[in-house]
Amino acid sequence: MEKILVIGCSGQIGSELTLALRKLYGNDNVFATDIKQAPADILESGPFHILDVLDYNNLLHFVVRYNITQVYNLAAVLSGNAEKIPQQAWEINMKALMNTLELGRDSDAKKLFWPSSIAVFGPTTPRHNTPQMTVMEPNTVYGISKLAGERWGEYYHKRYGVDFRSLRYPGLISHKTEAGGGTTDYAVEIYFEAIKNKSYECFLSEDTALPMMFMDDAIHATIKLMQTDGEKLSLRSSYNVGGMSFTPKEVAASIKKHIPDFEISYNPDFRQAIADSWPASIDDSVARKDWGLNDTFNLDSMTEVMLREIKKKL
Ligand code: AKB
């Protein structure tokens, strides 16, 4: 019987992944944790605990006490916020990962999911259809921590047998919980502002193309990777995941099909430089071949769901 620990259940990914895992493995077998309170549906459907991933002794105690076998560690300072506090962001992102890797040595929690990001790539990487294996010289503190994390994950797998698995998420778009502190966040904010105010001032320029994925596809891919027989995985660093690729101008056009008087303006800030250093589109053929990645949403089908669900919520 799998016992699953989700670290960061109140965040953008955690608030949806926890519920999906509970459906699959049973409510009582998925332990949701965070340093802040969880959303109501997580509190009501199964166990929730306040837990700080940076406190190793408490974390180990928790994992042993509840016989945890799998960990999803979603705690991170994202790209935009990390540039404001580089040293702290490095310490938090790396310590959170190292603590969950160490669990694999000290307890039965040997299977670990940890999100990497398209931020592992940098300005010297080929921008279009970025391959799995290529030049990787990230120039953001977040990207450097993600690249280092991938190397540590692979190392713990080879050296200590930790079942480390990871995806290089593109920008993730969801209506349940808003992202916080990332460079791709505009693609979430724009939908909320379209419903609330029919206008949005974008912090990236109109032609900035970035890879993005709808949260349903991301959750599906994450669970699929974790359920794949380990022998099929040719990579123990992190898999490219491409999703779709679009610019702010293209999202605005997609929204206008539903809200014709929606208006967008552009006022690029420091996040423009981060976006300019990242790929515009991603080649995820290795993930498709190894474990059958198959995402289903495109820009227009995602826009339809985003606007519908945000309207209901607001
Ligand atoms: C960010 O923008 O920092 C994240 C990411 C692409 O990893 N959404």
Side-chain angles (χ1 to χ4, degrees), residues 8 10-17 72-86 88-90 92-94 96-97 113-123 125 127 130 136 138-150 153 166-192 202-205 208-219 221-222 237-248 251 268-282 284 287 295 297 302 306:
S10 309
Q12 191 199 13
I13 304 170
S15 62
E16 301 205 31
L17 184 61
Y72 289 75
N73 174 5
L74 309 170
V77 182
L78 295 184
S79 58
N81 278 350
E83 289 309 301
K84 296 179 194 158
I85 45 161
Q88 291 99 315
W90 169 260
I92 293 167
N93 287 354
M94 295 315 294
L97 169 64
F113 177 82
W114 176 81
S116 185
S117 161
I118 53 160
V120 291
F121 300 114
T125 302
R127 279 205 82 214
T130 302
M136 296 171 90
N139 61 3
T140 62
V141 69
Y142 175 69
I144 297 169
S145 73
K146 287 297 182 191
L147 181 53
E150 288 187 10
S166 175
L167 299 176
R168 289 175 183 154
Y169 286 135
L172 297 182
I173 298 165
S174 60
H175 49 78
K176 187 177 172 201
T177 307
E178 286 194 61
T183 301
T184 57
D185 291 8
Y186 91 84
V188 178
E189 290 170 9
I190 193 169
Y191 288 107
F192 279 86
C202 185
F203 58 76
L204 298 182
S205 64
T208 308
L210 287 169
M212 303 277 183
M213 184 175 249
F214 189 48
M215 187 60 82
D216 291 24
D217 280 337
I219 300 292
T222 305
S237 51
S238 190
Y239 281 93
N240 274 11
V241 168
M244 54 193 118
S245 178
F246 55 73
T247 65
V251 201
D269 67 13
F270 71 101
R271 287 168 283 191
Q272 184 66 48
I274 301 178
D276 289 342
S277 77
W278 288 354
S281 59
I282 296 281
D284 55 18
D295 41 288
F297 281 86
M302 179 177 76
M306 286 294 285

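Note that the coordinates shown come from a computational prediction; the quantities given were computed from them, not determined experimentally. Counting starts at 1 for both ligands and their atoms, in listed order.
Close N/O approach between Ser79 and ligand 1 is found [any backbone or side-chain N/O within under 3.5 Å]. Of the polar atoms of Trp278, none of the N or O atoms is found under 3.5 Å from an N or O of ligand 1, judged by distance alone. Of the N or O atoms in Tyr142, one or more lie within a sub-3.5 Å distance of an N or O in ligand 1.
At least one donor-acceptor pair under 3.5 Å links the side chain of Gln272 to the backbone N or O of Ser205. With Lys176 contributing its side chain and Glu16 its backbone, the two residues share no donor-acceptor pair below 3.5 Å.
The protein non-hydrogen atom at the shortest distance from atom 6 (C) of ligand 1 is Ser117 OG, 3.6 Å. Nearest protein heavy-atom contact of atom 2 (O) of ligand 1 is Thr183 N, 2.7 Å.
Interface atoms of ligand 1 facing Leu78, defined by a heavy-atom separation under 4.0 Å, are 3 (O). Counting atoms of ligand 1 from 1 in the listed order, those under 4.0 Å from a heavy atom of Gly182 are 1 (C), 2 (O), 3 (O).
With no hydrogens or angles considered, a side-chain donor-acceptor pair links Thr183 and Ser79 at under 3.5 Å. Between the side chains of Glu150 and Ser166, no donor-acceptor pair of N or O atoms lies under 3.5 Å. Residues Ser245 and Ser281 bring no donor and acceptor atom of their side chains to less than 3.5 Å of each other.
Between Phe203 and Tyr186, the ring planes are perpendicular. Angles over 60° get that label, and only those under 30° would be called parallel.
Checking Leu210, Thr184, Val188 against atom 8 (N) of ligand 1, the nearest heavy atom belongs to Thr184.
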